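What follows is one structure encoded as structure tokens, with my remarks underneath.
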Amino acid sequence: MVLPWTLAVLSLLPLLDAQSLECANLTAVAPITNATLDRLSGKWFYIGSAFRNPEYNESARSIQAAFFYFEPKHAEDKIILREYQTIGNKCIYNSSSVTVYRKNGTMSTYESGREYFADLLLTKHPKTFILSASWNGKKNVGMSFYADKPEVTQEQKKEFLDAIKCIGIHESEITYSDEKKDLCGPLHMQHEEERKKEKEGS
């Protein structure tokens with residue numbers, strides 16, 4: 001199963017068309033600095049996504065709800081990823097690391113022996129961000145949207161809708177998560193208690 005954040009994959013191609021008004025509020029992050037990583041640190045919720053690739057859309061539709069933690073390691077150019085997904089009415093937990101390619105503004109992770117790349121886009125709202133696949137109109141074009149809360153404001157949502165329009169995908173093609181279907185609460189609470197005890201014991 002492809003993880004929510006790795007649904008935005010496969011391309012290191014140029015990102016933003018400077019002539020597009022719909023793209024005007026997006027900032028392609030290059031290079032990725034320590035300040036960028038600090039902005040990404042913490043808990044995030046998967047809000048929604050849309051892709052041209054049927055495989056990615058199928059994976060997105062299977063995700064009922066998802067949230068994750070980013071813990072940057074500046075010196076190692078890595079981010080520790082702890083992710084909780086509800087799929088098929090079951091909670092699935094995964095812990096892995098994300099490699100940060102600072103110079104070109106991309107990140108990658110390995111799954112099933114394959115490296116997945118995502119281009120990082122920052123919105124004008126510091127509490128949301130977007131990961132993108134190819135912007136060149138080919139079959140893998142797509143985006144996924146994340147926020148620090150399970151529900152976003154209309155203004156935040158509009159930025160995502162404008163970005164989707166920018167790459168030629170219709171709003172009706174977006175798949176959204178539903179926090180009410182989240183079943184990872186108990187496991188998350190258990191993990192947080194364990195982490196708290198580890199810190200107290202260290």
Side-chain angles (χ1 to χ4, degrees), residues 1-9 29 32-49 56 58-102 106-118 120-123 125-131 143-153 156-157 160 175-202:
M1 176 59 62
V2 180
L3 303 179
W5 92 268
T6 57
L7 287 170
V9 296
V29 182
I32 293 176
T33 65
N34 284 348
T36 308
L37 294 178
D38 290 340
R39 173 172 169 171
L40 295 176
S41 179
K43 185 177 182 179
W44 296 94
F45 293 85
Y46 166 62
I47 303 300
S49 61
Y56 305 152
E58 183 179 353
S59 293
R61 284 192 293 270
S62 71
I63 300 168
Q64 296 165 285
F67 63 90
F68 59 91
Y69 288 87
F70 269 167
E71 182 183 343
K73 301 292 183 182
H74 294 171
E76 303 172 30
D77 289 343
K78 289 185 180 295
I79 301 174
I80 303 303
L81 170 67
R82 295 183 289 118
E83 187 167 36
Y84 299 81
Q85 301 176 89
T86 300
I87 298 174
N89 295 320
K90 294 181 180 179
C91 176
I92 299 175
Y93 172 73
N94 178 68
S95 178
S96 61
S97 65
V98 178
T99 300
V100 179
Y101 296 93
R102 290 177 179 261
T106 61
M107 302 186 295
S108 76
T109 187
Y110 279 92
E111 184 173 338
S112 302
R114 181 180 180 183
E115 188 173 16
Y116 289 88
F117 291 92
L120 174 64
L121 305 178
L122 296 182
T123 65
H125 295 278
K127 301 302 184 181
T128 63
F129 70 93
I130 293 171
L131 293 174
M143 288 181 165
S144 51
F145 183 45
Y146 308 90
D148 69 339
K149 296 180 180 179
E151 295 184 1
V152 294
T153 66
Q156 290 171 331
K157 184 178 180 180
F160 178 53
T175 297
Y176 290 102
S177 63
D178 183 355
E179 188 214 4
K180 295 178 182 178
K181 296 181 179 179
D182 174 51
L183 297 177
C184 288
L187 181 60
H188 175 245
M189 185 178 298
Q190 175 187 329
H191 286 174
E192 289 302 294
E193 287 294 326
E194 293 172 353
R195 288 171 61 83
K196 182 179 178 180
K197 290 179 181 179
E198 288 178 2
K199 290 181 178 180
E200 292 175 348
S202 60

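All values derive from a computational prediction rather than experimental measurement.
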[X] atom [atom1], over 12 foreign heavy atoms within 6.0 Å:
| X | atom1 | answer |
| --- | --- | --- |
| Tyr93 | OH | yes |
| Glu58 | CD | no |
| Glu194 | CD | yes |
| Lys181 | NZ | no |

Step by step, work out the side chain to side chain contact (heavy atoms under 4.5 Å, CB included) result for Phe160 and Thr128.
CA-CA 9 Å; Phe160 178 53; Thr128 63; over 6 Å; no
Strictly distance-based, threshold 3.5 Å: is any side-chain N or O of [X] a donor or acceptor partner for the main-chain N or O of [Y]?
| X | Y | result |
| --- | --- | --- |
| Ser41 | Asp38 | no |
| Ser177 | Tyr46 | yes |
| Glu83 | Ala66 | no |

Under 3.5 Å, is there a donor-acceptor pair between the Ser62 and Ser59 side chains?
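Not at all, the side chains of Ser62 and Ser59 share no donor-acceptor pair under 3.5 Å.
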For the pair Ile32 and Leu40, evaluate side chain to side chain contact (heavy atoms under 4.5 Å, CB included) and give the outcome as yes or no after the intermediate values.
CA-CA 11 Å; Ile32 293 176; Leu40 295 176; 5.9 Å; no
Begin with the C-alpha distance, continue with both residues' side-chain angles, and end with the deciding distance and a verdict on side chain to side chain contact (heavy atoms under 4.5 Å, CB included) for Lys43 and His188.
CA-CA 12 Å; Lys43 185 177 182 179; His188 175 245; 3.9 Å; yes
Can you label the angle between the Phe45 ring and the Phe67 ring as parallel, tilted or perpendicular, going by 30° and 60°?
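Tilted: the ring planes of Phe45 and Phe67 meet at 30° to 60°.
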With a 4.5 Å limit on heavy-atom distance, are the side chains of Met107 and Leu131 in contact?
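Of all side-chain heavy-atom pairs linking Leu131 with Met107, at least one is under 4.5 Å.
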